[in-house]
Asks: 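Attaching a single structure in structure tokens format; questions to follow.
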Amino acid sequence: MATKRSRLSRSSDFQRIYRQGSSTASRFLVLYSFKRPAEADAEGPRLGLSVSKKLGGAVVRNRVKRLLREAVQGCAGHLAEEYDLVVIARPQLLELVARESTGEKGVVGAAVRELLVRAGVLNEVPGP
RNA sequence: GGGGCAAGCCAGGUGGCCGCGACGGGGCCGCGUCGCGAUGCUCCUUGGAGCUCGCGAGGCACCUCGUCGAGGAAAGUCCGGACACCACAGAGCAGGGCGCUGGCUAACGGCCAGCCGGGGAAACCCGAGGGAAAGCGCAACAGAGAGCAGACCGCCAGCGGCCCCUUUCGAGGGGUGCGGGUAAGGGUGAAACGGUGAGGUAAGAGCUCACCAGCGGUCCUGGUGACAGGCCGGCUCGGCAAGCCCCGCCCGGUGCAAGACCAAAUAGGGGAGCGUUUGAGGGUUGCUCGCCCGAGGCUCCCGGGUUUCGGUCGCAUGAGGCGCGCGGCAACGUGCGUCCCAGAUGGAUGGUCACCCACGACAGGAUCCGGCUUACGGCUUGCUACUGAG
RNA sequence: GCCCCCAUCGUCUAGCGGCCUAGGACACCGGCCUUUCAAGCCGGCGGCACGGAUUCGAAUUCCGUUGGGGGCA
């Protein structure tokens, strides 16, 4: 996870997931998930992130992306194979990012895990 | 000591563990490529093609080791360049920018040094700072008068009429009215046709004088120059050009999504009419000229396409950093030595633990460089005025 | 990333440097009219994105911020 191979790169991949995938949302995040066709050669789950400029400048956006990537990777062993995921950060996520900075660890991870469970791509619920 | 002003510097550090990007070395053979071999199998036209197996090479992925890995503003995109393309880039007009002087620079609207003006108690700071006797234009309201000025309240003597007072009966004084002189004072305004003082006068006025301000001079001195100082003259009205404009200088356009190469897929078809080197039509900068392309083009009809956000390069050795010397007040230039210091492409720097006088603020490269502007934490040094103590 | 444009009441917009304490329409509020509502009439509320500069004087001119919008494969 988090290597080049397991990241979504092409815009066409994003478009396919938006059009054909199913979506789940909370007030912090939006999750799109899509089961790849069998003939696709990639292996393992792939992740794409979308953090708009409304969230802040480049420093803030990079931090948000790092936290999200880390949170998804924390569930990596329990994720269903052959799924493509797109996680979109909403502006209210900034509250969780701020709490994370003041020492309240794991709130972003909890938000991500909740969505993954709801979307049904998490095989079993791991401990917090 | 707390203020003010200026200049310079830093951008948390060190170590451990986990994690990310690039490059390089090694390992491995999961995937595809190429080469060789086989007594193998299939097809068939001598000989080749395909499949299977084995060996080797180098590539992608993976594992491992090492090195490097954001900023002073990386930002805003406000200027200036480099670089690339536009059928070469030329001229004129239009348009845009700049504007004290001298220098620096690849260039600049930048920087340095100075001049002048303004602000401040000072240190110091700020200034788009050419031209208003080339022309056009603007100045609301108020005010008498605002662009060849003007006379409301005033001041002044004289003359004639009327009224009042005094009278030595000659006249004198006051008021009012008309025409006249004047612009000192009041009042309006952002701005009122030089200011202050003295003389002068009926009252006044550059009317005269002194100083100051301003203007002018084939004048003198200093300075490369902006300009400064002096002398002389006649006494003398401005403001706005970030209004149009004039003068001088500069600017071709588009921007790395520029542009070059590679791969895959699709298409580049047909008919009729017009027109032909004396040139249809098109391109080039907004226009004109000029230049370039030019048998192909235009009109109509039928049919089809204008796609894949593909990959590689451009893409990091440069007006480069650091140290020392020399020239220069400085910006900067130059010589020698030394170093290689991000190169991503859904886009990399973080997390955690320990210590350090604990946390740090603003904030993340995207073609590169020189500036400007904006955001922002701290440290050091110097200068300036004030206050307190000895 | 590169290159452009815009900003005036809640909305859509006028606005020659002075007549601007910024005009109009719709909306909103109050009143009149009507049995009531609508329409109509009268009145009110409400704005030059922000900070400097030029000017006697700035919504207007200039510079810088901020916030929107658009184009380029």
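Order of the sequence lines fixes the chain letters, A, B, ..., with proteins taken first and strands second; residue numbering starts at 1 for each chain. In what follows, every heavy atom counts, from backbone to side chain, and hydrogens, waters and symmetry copies are set aside.
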Asks: Is there a Watson-Crick or G-U wobble partner for B:C116 with both distances under 3.5 Å, and if so, which one is it?
Replies: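 Partner of B:C116: B:G127.
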
Asks: Would B:G206 be called syn or anti, given that syn covers angles within 90° of 0?
Replies: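 Base orientation relative to the sugar is syn.
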
Asks: B:A192 and B:G238: how far apart are their P atoms, nearest whole angstrom?
Replies: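 About 13 Å, rounded to a whole number of Å.
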
Asks: Taking atom CG of A:Leu31 and atom CD of A:Glu114, what is their separation to the nearest 0.5 Å?
Replies: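 Between A:Leu31 CG and A:Glu114 CD, I get 11.0 Å after rounding to 0.5 Å.
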
Asks: Take atom CD of A:Glu100 and atom C1' of B:U352, then tell me their distance rounded to the nearest Å.
Replies: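 Atom CD in A:Glu100 sits about 13 Å away from atom C1' in B:U352.
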
Asks: When the P atoms of B:C62 and B:G19 are considered, how many whole Å apart are they?
Replies: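 It comes out at 14 Å once rounded to the nearest Å.
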
Asks: Could you state the NZ-C1' distance from A:Lys53 to C:G1, rounded to the nearest angstrom?
Replies: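 Distance, rounded to whole Å: 10 Å.
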
Asks: Taking O4'-C1'-N9-C4 for purines and O4'-C1'-N1-C2 for pyrimidines, is B:A70 syn (within 90° of 0) or anti?
Replies: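 Because its glycosidic torsion lies within 90° of 0, B:A70 adopts the syn conformation.
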
Asks: Say we look at B:G21 and B:U14: how far apart would their P atoms be, to the nearest angstrom?
Replies: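 That atom pair is separated by 24 Å.
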
Asks: May I ask you to evaluate whether A:Asn62 reaches the phosphate of B:U349, defined as a side-chain N or O under 4.0 Å from OP1 or OP2?
Replies: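 It does not, given that no N or O in the side chain of A:Asn62 lies less than 4.0 Å from OP1 or OP2 of B:U349.
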
Asks: In the structure shown, which nucleotide is the Watson-Crick or G-U wobble counterpart of C:A49, with both distances under 3.5 Å?
Replies: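 Its partner is C:U65 (Watson-Crick or G-U wobble, both distances under 3.5 Å).
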
Asks: Indicate the atoms forming the closest heavy-atom contact of A:Phe28 with A:Gln92, along with that distance.
Replies: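 Distance-wise, the nearest heavy atoms are CD2-O, 3.5 Å.
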
Asks: Taking the C1' atom of each, how far is B:C341 from B:A70, in whole Å?
Replies: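 One C1' to the other, the span is 12 Å.
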
Asks: Using purine N1 to pyrimidine N3 plus N6-O4 or O6-N4 for Watson-Crick, or N1-O2 and O6-N3 for G-U wobble, each under 3.5 Å, what pairs with B:G189?
Replies: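 B:G189 is paired with nothing.
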
Asks: Going by side chain to side chain contact (heavy atoms under 4.5 Å, CB included), A:Leu67 matches just one of A:Leu93, A:Val97, A:Val107. Which one?
Replies: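 The option that passes is A:Val97.
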
Asks: Within 90° of 0 counts as syn, otherwise anti: where does B:G30 fall?
Replies: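 Here the answer is anti: the torsion falls beyond 90° from 0.
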
Asks: May I ask which nucleotide in the shown strands pairs with B:C244, Watson-Crick or G-U wobble, both distances under 3.5 Å?
Replies: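 For B:C244, the partner nucleotide comes out as B:G135, under the 3.5 Å rule.
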
Asks: Report the base-pairing partner of C:A58 (Watson-Crick or G-U wobble, both distances below 3.5 angstrom), or none.
Replies: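 None - no nucleotide pairs with C:A58, as no candidate has both distances under 3.5 Å.
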
Asks: Roughly how far apart, to the nearest Å, are B:U367 and B:U373 at atom P?
Replies: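 These two P atoms come out 25 Å apart once rounded.
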
Asks: Identify, between A:Val60 and A:Glu70, the residue whose nearest nucleotide on RNA chain B lies closer to the 5' end.
Replies: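 Between the two, 5'-proximity favours A:Glu70.
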
Asks: Which value, in whole Å, describes the distance between the C1' atoms of nucleotides B:A151 and B:G180?
Replies: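 My reading of the C1' atoms in B:A151 and B:G180 gives 14 Å.
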
Asks: Quick one: look up who B:C235 pairs with, Watson-Crick or G-U, both distances under 3.5 Å, and put none if it's unpaired.
Replies: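 B:C235 is paired with nothing.
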
Asks: In whole angstroms, how far is the P atom of B:A75 from the CZ atom of A:Arg61?
Replies: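 It works out to 13 Å between those atoms.
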
Asks: Quantified in whole Å, what is the C1' atom distance between nucleotide B:C293 and nucleotide B:G32?
Replies: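 Rounded to whole Å, the distance is 49 Å.
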
Asks: OP1 or OP2 of B:G347 versus the side-chain N and O atoms of A:Arg69: is any pair under 4.0 Å?
Replies: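 It does, given that an N or O in the side chain of A:Arg69 lies less than 4.0 Å from OP1 or OP2 of B:G347.
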
Asks: Minimum heavy-atom separation for A:Ser26 to A:Leu115, with atom names?
Replies: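 Scanning both residues completely, I find the closest heavy atoms to be N-CD2, 4.1 Å.
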
Asks: Identify whether the glycosidic angle of B:C111 places it syn (within 90° of 0) or anti.
Replies: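 For B:C111, whose glycosidic angle is more than 90° from 0, the conformation is anti.
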
Asks: When A:Arg90 is tested against each of A:Leu55, A:Leu29, A:Val51, A:Val30 for side chain to side chain contact (heavy atoms under 4.5 Å, CB included), which residue passes?
Replies: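 Among the candidates, only A:Val30 passes.
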
Asks: Reckon A:Lys65 has a side-chain N or O less than 4.0 Å from the OP1 or OP2 of B:A348?
Replies: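 For A:Lys65, the contact criterion (side-chain N or O under 4.0 Å from OP1 or OP2 of B:A348) is met.
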
Asks: Taking O4'-C1'-N9-C4 for purines and O4'-C1'-N1-C2 for pyrimidines, is B:G32 syn (within 90° of 0) or anti?
Replies: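 What B:G32 shows is an anti base, its glycosidic angle lying more than 90° from 0.
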
Asks: Mapping A:Leu49 and A:Arg66 onto RNA chain B by nearest heavy atom, which one lands closer to the 5' end?
Replies: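 Between the two, 5'-proximity favours A:Leu49.
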
Asks: When the P atoms of B:C28 and B:U45 are considered, how many whole Å apart are they?
Replies: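 One P to the other, the span is 49 Å.
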
Asks: Which base sits across from B:G110 as a Watson-Crick or G-U pair, both distances under 3.5 Å?
Replies: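 Pairing partner, where one exists within any strand: B:C104.
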
Asks: Would you mind checking if A:Glu100 and A:Arg63 are paired as a salt bridge, meaning a charged N to carboxylate O distance below 4.0 Å?
Replies: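 Salt bridge between A:Arg63 and A:Glu100, a charged N being under 4.0 Å from a carboxylate O: no.
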
Asks: For residues A:Ile88 and A:Tyr32, determine if any side-chain heavy atom of one lies less than 4.5 Å from a side-chain heavy atom of the other.
Replies: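 A:Ile88 reaches A:Tyr32 side chain to side chain.
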
Asks: According to the Watson-Crick and G-U wobble definitions, with both distances under 3.5 Å, which nucleotide is paired to B:G333?
Replies: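 Matched B:G333 with B:C326 under the 3.5 Å cut-off.
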
